[in-house]
Number of protein chains: 2
Amino acid sequence: MTRTDVLVMVTTRERIVEAADDLFYRQGFEHTSFASIAQAVEISRGNFYHHFKSKDQILDAVIDRRLDNTRAMLEAWEQQAASPRERIRCFVRILITNRAKIELHGCPVGTLTTELAKLEHTAQDKAARVFTLFRRWLTHQFEALGHEAFADALAMHVLGRSQGVAVLASAYRDPTFIDREVDDIERWLKNLRKPRPS
Amino acid sequence: MTRTDVLVMVTTRERIVEAADDLFYRQGFEHTSFASIAQAVEISRGNFYHHFKSKDQILDAVIDRRLDNTRAMLEAWEQQAASPRERIRCFVRILITNRAKIELHGCPVGTLTTELAKLEHTAQDKAARVFTLFRRWLTHQFEALGHEAFADALAMHVLGRSQGVAVLASAYRDPTFIDREVDDIERWLKNLRKPRPS
DNA sequence: GTCTATAATGCGATAGAC
DNA sequence: GTCTATCGCATTATAGAC
């Protein structure tokens, strides 16, 4: 296999994980059956079981995929945005970028961790690690803004507010609410003063 | 039946709805089977079907129960608290009062509407009406504070922040986070200045 | 109102042919 | 790697006796 081939090739396994990721987001983990994933990828159930022996295994692969995608997104923001403040704005504005999906299905991270908590699923902690990627990244940005002492608390604050917006946006399907709250968070961020050195 | 009897009597139907309410909260709607509800109430599945013909029917009854309980709670706050500000504080402090359950299972209202959205269940709008009870009540309080023009936006803001706290509290099981955010919301509420008349 | 027995369906998972 | 066929199980839901 040449190097070019690798770029084009998409394995059946990858197609399964991608379809499962999408279906878990739109329908929920438990509500999504093996049959529906197999149908989406247009393979048989038997073939499916060749790649994944259990539902927990594919959940594990989906979370790994989300961890990878999140890391890539955070790195891209690190490149694109010039200042820590601009980088935090990138995060907040996902609510605008993904508005349509969020109104229909909420936040992929929040809804999955919530569901796994109710199922008392062992993968709950792993799913929460996607949150932790955002949390640590935001913490770094707030540290760069000079808020070393409260950086993690500020990161959790921004993370929490985004989650709240996602929950209510999907409950009411109200786009104006997202705009208002994003504006409010951005105003809050702008008014965050660098603490004077002690 | 005398008046005293009514106070003591609890019908099987009520016991079923109460158990279902609790199980839907802790395990999720779809994950909760008729058998588990019947087991909690200690009746047979057959008896269960005598009271509720379908799973949708019991969900409907559970939401009605939550609507009633919410209305009663809001009325109680209306009596207990002296000022609109104090009343809004009552709402925010549910996060403290119900901390243990929220860390384990999130907010009952938010998690149910989120789940029903993924199932594309017709009861989703009805479940969101519990949110609307809080929303309208908070709107009234902000109006009483003199914020007639932005009362609904302020209500949605408080509602959204509470939801965000609930999601992250259950994802991380971190009680200090709840305390910090509740303090922050109370500080925000305290600093909300009554707009000067135009 | 409460029970047992049972139908009908869909699910996760396995075996084995090609 | 892909398929068909099938098992075992849990679930919703019904029928009918007491």
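Sequence lines set the chain letters: A, B, ... in the order given, protein chains first and strands last, and positions in each chain run from 1.
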Under the side-chain contact (heavy atoms from CB on, under 4.5 Å) rule, collect the residues that match up with [X], sequence neighbours excluded.
X	result
B/His51	B/Thr12, B/Arg13, B/Ile16, B/Asn47
A/Ala128	A/Thr113
B/Glu86	B/Ala81, B/Ser83, B/Arg89

Self-check item: Inter- and intrachain pairs under salt bridge (Lys or Arg N to Asp or Glu O under 4.0 Å), touching residues 38-50 of chain B, at least two apart
Solution: none
Quiz prompt | Those residues that, when tested against B/Tyr172, pass side chain to side chain donor-acceptor pair (under 3.5 Å) (two or more places apart) | solution = A/Thr132
Exercise. Apply side chain to side chain donor-acceptor pair (under 3.5 Å) to B/Arg99 and list each qualifying residue two or more places apart in sequence or on a separate chain.
Key: B/Asp179
Quiz item: Who are the salt bridge (charged side-chain N to carboxylate O under 4.0 Å, His left out) partners of A/Arg173, not counting sequence neighbours?
Solution: none
Exercise. Please round to the nearest 0.5 Å and tell me the distance separating atom OG of B/Ser170 and atom CD1 of B/Ile102.
Key: 9.5 Å
What is the distance, rounded to the nearest whole Å, between atom [atom1] of [X] and atom [atom2] of [N]?
X	N	atom1	atom2	result
B/Phe29	D/dT11	CZ	P	14 Å
B/Leu59	D/dT12	CG	P	13 Å
B/His50	D/dC18	NE2	C1'	14 Å
B/Ile37	D/dA10	CD1	C1'	15 Å
B/Phe48	C/dG1	CZ	C1'	15 Å

Self-check item: Residue-phosphate contact under 4.0 Å: A/Asn47 side-chain N/O, D/dG1 OP1/OP2
Solution: no
Quiz item: In residues 14-28 of chain B, which residues come under 4.0 Å of DNA chain D by heavy atom?
Solution: none
Can you check nucleotides 11-16 of chain C for protein contacts, nitrogen or oxygen pairs under 3.5 Å, and list what you find?
unit_1: C/dG12; atom_1: OP1; unit_2: A/Lys55; atom_2: NZ; d: 3.2
unit_1: C/dG12; atom_1: OP2; unit_2: A/Phe34; atom_2: N; d: 3.0
unit_1: C/dA13; atom_1: OP2; unit_2: A/Lys55; atom_2: N; d: 3.0
unit_1: C/dA13; atom_1: N7; unit_2: A/Tyr49; atom_2: OH; d: 3.1

